[in-house]
Q: 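Can you keep this structure in mind? I'll have questions shortly.
Note that the structure is predicted; figures quoted are calculated from it, not measured. Order of listing sets the numbers, starting from 1, for every ligand and every atom in it.
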Amino acid sequence: MSSSLLIFPDLVQNPIDPRLYGSFIEHLGRAVYSGIYEPDHPTADPRGFRGDVIDLVRELNVPVVRYPGGNFVSAYDWEDGVGPRAQRPRRLDYAWGVTETNHFGTNEFMDWCQAAGTEPMMAFNLGTRGIDAARQLVEYCNAPTGTRFGDLRKAHGYAEPHRVRTWCLGNEMDGPWQTGRKTADEYGRLANETANTLRQFDPKLELIACGSSGPGMPLFPDWERIVLEHCYGQVDAVSIHLYVRQDGHKSLADYLACPREMENQIRDVLAACDFVRAKQRQKKTMMLSFDEWNVWDMALGHARCERWAEAPPQLEQIYTFADALVVGGMLLTLLRQSGRVRYACLAQLVNVIAPIMTARGGGLWRQTIFHPFAQASRHGRGALLSTRLSGITHTDTPTHGPSPDVEAVATRDGDRIAVFVLHRGQTDAAPLTLRLEGASAWRVVEHQVLAAPGPGVCNGPDSAAVAPRPGPPVGIADGHTLELTLPPLSWHLVLLAPESHP
Ligand code: AHR
């Protein structure tokens, strides 16, 4: 049977919130120090922000960045990171076993977001602290001057409020590794009371409650149910986290099928959300914030470092081409689920399980996973289109069951259509016919292919072996039909525009 993808350019499934392409900067390893901030780097601006990193963040087109953690936030005193640098305390960070200098904090992050063309998504410490510290941080960021915290911000050089709209109510509060871990009832009540207090300051804040740390947690998805039974009426979204890894999979095909786990996890968390909605006769639809997702091979043990070191390398995973295909598969899942996933953050952005790697005092480079993310973030905007994929063969995998060899998603932004295609087959090229339904005729603007000599190929400081390249020219018969040949193990971006437009 031949494979085909029918695309309905005028049949929108749902709008895509641009914040689906967010990322994450935690005070962890070299994400901040010698990642985004390195005052004596040759490209640093007067505030110490690395210009070369900002250029790549802009290339990734990241609309929102979560900060400052992560596990780090659950014992973080935000007051340590504001005011004159010389007076900021050096603190022990229990989460990662290092010393935090606090040379970079909330105001620096706001400035960096502006320089990088992105928006902050801030997290509160609901581990060791609670409502009051959260309230004071929100006021510090958003209150007008003439008030205690607005004036404190002004005294620190920021008269204008930062106007942060999105806030995470803690981080992974179910995790035994989390400082100040809570039971679902304890956390649900705290999230509700914190949200309730913050809404008295500003009802328009977007608030995200912590879901489970992952689908493997013993209480998943009861955690979501219990937490939401406490706070459904007060929050806009619940968080989901998922890190996948090759380790433990039985074969490459098994590993490549693992985005299925993300799809199942979204289905299960939505079931919990919708159950609470029905039970409480709520009108609001709960959205999801997939605010940590990526490939992370924890078994590599790269979190270890000398105890209480200052910004040592941690979690500096080097990604393979196979990892890039998995990230591509996860992006397709997020796009398919974008009707309910409002925010998502690739974890993380620089040096720590990241698409961008830097050398202290030196250059930087793009990991393999940079590319599918950058393409989706640049072109997968606007709205998700209805499509129908048929004639696809499936491979049986021990962990994830039957896995489609080919997956595709189409989006439309104005008069541009972007089609993303993943081919997981390992031996043969796969023909795929794309057919655009409707009266309008279309032309191909661009076809890019991400492929590599082998699944284990990595990039490095001196090698960009895995990078998108122009695909073979594809003709489009009668403005509606085009034939792609998908090489084994490949990721594709096809951009289309109306035939009549230049
Ligand atoms: O992203 C690394 C860590 O993974 C984060 O700090 C934590 O939230 C998660 O467990």
Side-chain angles (χ1 to χ4, degrees), residues 22-33 35-36 62 64-76 92-98 100 109 121-128 167-182 187 191 208-220 223 227 237-245 247 261-262 265 269 288-305 311-319 323 327 330 343-357 367 369 373:
S23 189
F24 177 30
I25 286 283
E26 177 167 3
H27 280 256
L28 161 55
R30 300 192 306 113
V32 173
Y33 304 108
I36 62 174
V62 175
V64 68
V65 177
R66 184 167 172 252
Y67 174 87
N71 298 338
F72 169 80
V73 79
S74 293
Y76 180 51
L92 299 183
D93 164 20
Y94 296 177
W96 300 105
V98 298
E100 170 58 51
F109 182 63
M121 174 195 267
M122 295 290 284
F124 297 120
N125 171 359
L126 290 189
T128 59
W167 298 84
C168 303
L169 300 163
N171 177 70
E172 297 191 344
M173 297 307 307
D174 61 335
W177 56 88
Q178 204 67 218
T179 316
R181 168 200 191 190
K182 312 242 174 316
Y187 172 69
I208 301 168
C210 289
S212 309
S213 307
M217 298 303 287
L219 216 55
F220 176 87
W223 170 276
V227 166
V238 63
S239 73
I240 311 196
H241 292 178
L242 178 66
Y243 293 101
V244 297
R245 56 173 183 266
D247 181 57
E261 207 182 321
M262 187 183 221
Q265 189 183 0
V269 174
L288 303 186
S289 176
F290 220 121
D291 47 42
E292 288 188 33
W293 69 272
N294 202 348
V295 173
W296 175 14
D297 208 328
M298 296 177 207
L300 295 178
H302 39 38
R304 282 185 222 114
C305 63
Q314 285 176 298
L315 279 59
E316 299 207 355
Q317 178 156 351
I318 303 302
Y319 290 108
D323 298 330
V327 163
M330 293 175 96
Y343 324 84
C345 302
L346 176 71
Q348 299 191 7
L349 184 57
V350 187
N351 290 332
V352 172
I353 42 174
I356 300 171
M357 297 298 289
Q367 293 244 40
I369 62 168
F373 185 91

Q: Check whether any side-chain heavy atom of Asn351 sits under 4.5 Å from a side-chain heavy atom of Glu316, and report yes or no.
A: yes
Q: Under a 4.5 Å cut-off applied to non-hydrogen side-chain atoms, are Ile25 and Arg66 in contact?
A: no
Q: Distance to 0.1 Å, residue and atom name: give those for the protein heavy atom nearest to atom 1 (O) of ligand 1.
A: Tyr243 OH, 2.7 Å
Q: Could you identify the single nearest non-hydrogen protein atom to atom 6 (O) of ligand 1 and state the distance to 0.1 Å?
A: Glu26 OE1, 2.6 Å
Q: Of the choices Gln178, Glu292, Gln314, which has the non-hydrogen atom that lies closest to atom 9 (C) of ligand 1?
A: Glu292
Q: When the aromatic ring centroids of His27 and Tyr67 are compared, is their separation below 6.0 Å?
A: yes
Q: Which residue owns the protein heavy atom closest to atom 7 (C) of ligand 1, what's the atom, and how far is it?
A: Asn71 OD1, 3.2 Å
Q: State the atoms of ligand 1, each with its element, that fall below the 4.0 Å cut-off from a heavy-atom position in Trp96.
A: 3 (C), 6 (O)
Q: Heavy atoms only, cut-off 4.0 Å: how does Asn171 contact ligand 1, side chain, backbone, both, or neither?
A: side chain
Q: To the nearest 0.5 Å, how far apart are CH2 in Trp293 and CG in Leu242?
A: 10.0 Å
Q: Roughly how far apart are Cys210 SG and Tyr187 OH, rounded to 0.5 Å?
A: 3.5 Å
Q: At what distance is the nearest protein heavy atom to atom 10 (O) of ligand 1, and which residue and atom is it?
A: Glu172 OE1, 2.7 Å
Q: Taking Asn294 for the side chain and Leu346 for the main chain, is one N or O donor matched with an acceptor at less than 3.5 Å?
A: no
Q: Would you say Trp293 touches ligand 1, if touching means a heavy atom closer than 4.0 Å?
A: no
Q: Can a donor-acceptor pair be found, under 3.5 Å and without considering hydrogens, that links the side chain of Lys182 to the backbone of Gly127?
A: yes
Q: So if I count the atoms of ligand 1 from 1 in the order they appear, which ones are less than 4.0 Å from some heavy atom of Gly70?
A: 5 (C), 6 (O), 8 (O)
